[in-house]
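Accompanying notes for the structure given below.
Since we're looking at a predicted model, the values are computed, not measured. Remember, it's 1-based here, ligands and their atoms both numbered in the order they're listed.
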Amino acid sequence: MSLSVPTLNVLVVYAHPEPTSFAAALKERAVADLTAAGHRVEVADLYAEGFDPVAGQGDFLERADDTRLHMQREQLHAVQTATLAADVRRELDRLEWADRVVFVAPLWWFGLPAMLKGWVDRVFVFGRVYGNGLTFGTGPLRGKKAMLALTTGGPQAAYSEGGLHGPIETLLHSVQHGVFRFTGMEAVEPFLAWGAGWVDDARREEYLDAFSARLTSLAYDEASAA
Ligand SMILES: Cc1cc2nc3c(=O)[nH]c(=O)nc-3n(C[C@H](O)[C@H](O)[C@H](O)COP(=O)(O)OP(=O)(O)OC[C@H]3O[C@@H](n4cnc5c(N)ncnc54)[C@H](O)[C@@H]3O)c2cc1C
């Protein structure tokens, strides 16, 4: 049996306000490893690029209905008439270009930081990324794989069965199921850098090496194994 690793388009959606954060180190590791492996890598650096995460009427260059804002109806209209706001259009192009999508961010309030959640709110538009019965197995993003890469404040034990917060899988279900799988993507196992702010440097180095291994398997396309 031969193993095939095709050249892939990888989008790293990165949301942290501090360039020296550990989340930034994970992002940089992803860029370095995936580029060295021959993949095409695009980084959506949401804070540095000044992405506006607030969904609303600014998402549309024209309105189907000026009397009241129905987001999904306007998203569909904007898709059909090519009138999505330029920043949404650009991010949607990035998403559709990607074979693999990696979200790199800290865990904030048991979920995605508002910057990254807002990117999803604005970019995963009805009529293009989901909708009209196209979800899960028929979702428009099928064929892509998505991975969360998150840093946490709390230790792994707190996010385990019987731990203070319960299993991390429960907290991340809204993204794994409600965003990734819902739109047709394969949600791969999340990468977690537990207690990134209080573990020692040696442990952080281990996290980076473990992340490298996960990136390698993310890029490996089992379907192409012959
Ligand atoms: C609004 C808010 C909500 C939060 N909610 C939660 C929550 O719900 N659950 C939870 O568990 N935590 C929560 N936290 C804590 C948060 O998740 C952690 O502070 C964060 O994940 C730590 O990761 P970071 O990338 O911000 O690391 P930082 O704190 O920026 O960095 C950690 C350390 O890594 C070092 N470092 C940077 N680069 C490298 C490198 N290349 N090699 C080695 N070390 C490096 C830095 O110098 C620093 O010492 C919350 C924090 C905030 C602000």
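Classification of Arg63 and Glu74 as a salt-bridged pair holds, one side-chain N sitting under 4.0 Å from a carboxylate O. Under 4.0 Å is where a charged nitrogen must lie from a carboxylate oxygen, and between Asp93 and Arg90 no such pair does.
Against a heavy-atom cut-off of under 4.0 Å, Ala23 is close to the following atoms of ligand 1: 25 (O). Numbered from 1 in the order shown, with element, the atoms of ligand 1 that lie under 4.0 Å from a heavy atom of Gly154 read 10 (C), 11 (O). Interface atoms of ligand 1 facing Glu205, defined by a heavy-atom separation under 4.0 Å, are 42 (N).
Polar contact check, Gly153 against ligand 1: a nitrogen or oxygen pair lies under 3.5 Å apart. Some N or O of Phe110 is nearer than 3.5 Å to an N or O of ligand 1, by distance alone. Ligand 1 has no nitrogen or oxygen under 3.5 angstrom from a nitrogen or oxygen of Gly197.
In the model, Tyr14 has no side-chain atom that pairs as donor or acceptor with a side-chain atom of Glu49 under 3.5 Å.
Among protein heavy atoms, atom 49 (O) of ligand 1 sits closest to Arg204 NH2, 3.8 Å. Given atom 9 (N) of ligand 1, the protein heavy atom at minimum distance is Tyr159 OH, 2.8 Å. Among protein heavy atoms, the minimum distance from atom 41 (N) of ligand 1 is reached at Ala25 CB, 3.3 Å. Nearest to atom 22 (C) of ligand 1 among the protein's heavy atoms is Thr151 OG1, 3.8 Å. Scanning the protein for heavy atoms near atom 13 (C) of ligand 1, the closest one is Leu107 O, 3.2 Å. Nearest protein heavy-atom contact of atom 28 (P) of ligand 1 is Phe22 N, 3.9 Å. Closest to atom 26 (O) of ligand 1 among all protein heavy atoms lies His16 NE2, 2.7 Å. The nearest protein atom to atom 1 (C) of ligand 1, hydrogens excluded, is given as Trp109 NE1, 3.7 Å; this is a heavy-atom distance.
Under 4.0 angstrom from ligand 1, there are no non-hydrogen atoms of Leu150.
Residue pairs satisfying the salt bridge (charged side-chain N to carboxylate O under 4.0 Å, His left out) criterion with at least one member in residues 116-141, sequence neighbours excluded, are listed as follows: Asp59-Arg122, Asp87-Arg122, Glu96-Arg128, Lys117-Asp121. Judged as a salt bridge (charged side-chain N to carboxylate O under 4.0 Å, His left out), the pairs with a partner in residues 206-215 (not counting sequence neighbours) are, in order, Arg29-Asp209, Arg203-Glu206.
Note on ring orientation: taking the six-membered ring where Trp is involved, the planes of Phe211 and Phe191 are tilted (angle from 30° to 60°).
For atom 19 (O) of ligand 1, no protein non-hydrogen atom is found at a distance below 4.0 Å.
Remark: the backbone N or O of Val13 is not paired with any side-chain donor or acceptor of Arg94 at under 3.5 angstrom.
The distance from atom CG of Leu141 to atom CG of Leu134, rounded to the nearest 0.5 Å, is 10.5 Å. Note that CG of Leu95 and CD of Glu42 are 11.5 Å apart. Values are rounded to the nearest 0.5 Å.
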Pair Trp194, Tyr207 - check ring pair (Phe, Tyr, Trp, His ring centres under 6.0 Å), show working. CA-CA 9 Å; Trp194 305 105; Tyr207 284 150; 8.6 Å; no
